[in-house]
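For clarity, every value in this text was computed on a predicted model and none was experimentally measured. First the proteins, then the strands, lettered A, B, ... as listed; each starts at 1.
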Amino acid sequence: MPNLHRLARAELPEDPAELAGFLVGKLVVRQAPEGNCEGSCSGRIVETEAYLPGDAACHAFRGRTPRNASLFLPRGHAYVYVAYGTAMMLNVSAGPPGIGAGVLLRALQPVDGIDVMQIRRGNVPLRDLARGPGRLAAALAIGRALDGIDLCADGPLFLADDLTPPGDVGRSVRIGITRDADRPLRFYQRGSRFLSGPRWLNR
DNA sequence: TTGACGATATACT
DNA sequence: GTATATCGTCAAA
């Protein structure tokens, strides 16, 4: 997979909602330690959600804590947390420096290293490999160890441009939240079959 | 949120 | 008719 242009921080929109839309159609690349190509894989982002400052659903809403500290890093850093005591969630820090906002990566269209993702996820159908934030993190072997890393740097996990341009990007309310649940801050690639959520949200 | 399960639908030998 | 895929519901952590 040649021609991988890593996303530079300056390319990322400063506005969290803009960033969420911008990320749809981009690539997330997972590199195994020691340059071991065996465990490397990547996928095209097809679904994201923005969590803004002042947003009751945002983990930074009640201020900075050891757990959510990564949300306050300059945009483009990883914020990884555990949901439901079992599922890992991968976010991209967003917004102006020190503000505390993020973009949740919700679904991926597997691109490279499908075999290794298959191993990590069990032999589920290709469609379910990274459909849903928890599954996405599992497919990429995301753990707390990756919390706080720079996604714009050459490391174990980074963002890159995809060859094929983003198609129509749809917008809807976010999934699985109770507070501030009616704001249209979910972004998805229209027509993708790798989306999570009920069908009526993916119009 | 995910995995399991039953019902349903589409596909193909 | 058997296999594979999609959909809604339900329980668990």
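Atom OH in Y81(A) sits about 10 Å away from atom C1' in dT1(B), given to the nearest Å. Taking atom CZ of R121(A) as the reference point, atom P of dT1(B) lies 14 Å away to the nearest angstrom. Protein atom CG of L136(A) is 14 Å distant from nucleotide atom C1' of dT2(B), rounded to whole Å. Atom OH in Y84(A) sits about 16 Å away from atom P in dA11(C), given to the nearest Å. Nucleotide dC7(C) holds its P atom 15 Å from the CH2 atom of W200(A), rounded to whole Å. Protein atom CE of M88(A) is 13 Å distant from nucleotide atom P of dT2(B), rounded to whole Å. To the nearest angstrom, C1' of dT2(B) lies 9 Å from CE of M89(A). Taking atom CG of residue D128(A) and atom P of nucleotide dT2(B), one finds them 10 Å apart after rounding to whole Å.
Residue P125(A) is classed as having no contact, given no heavy-atom separation below 4.0 Å to the nucleic acid.
Note: the hydrophobic cluster containing L195(A) also contains V124(A) (ILVMFWY, side chain heavy atoms under 4.5 Å, direct or indirect links). Follow the hydrophobic side-chain contacts under 4.5 Å out from L140(A) and you never reach I119(A); the two are in separate clusters.
Between R106(A) and dT1(B) there is a side-chain polar atom (N or O) within less than 4.0 angstrom of OP1 or OP2. Contact between the side-chain N/O atoms of R127(A) and the OP1/OP2 oxygens of dT4(C) is not found at any separation under 4.0 Å. For the pair R135(A) and dT1(B), the criterion of a side-chain N or O lying under 4.0 Å from OP1 or OP2 is not met.
With hydrogens and angles disregarded, no donor-acceptor distance shorter than 3.5 Å links the side chain of S42(A) to the backbone of V29(A).
A side-chain donor from one of R44(A) and T164(A) sits under 3.5 Å from a side-chain acceptor of the other.
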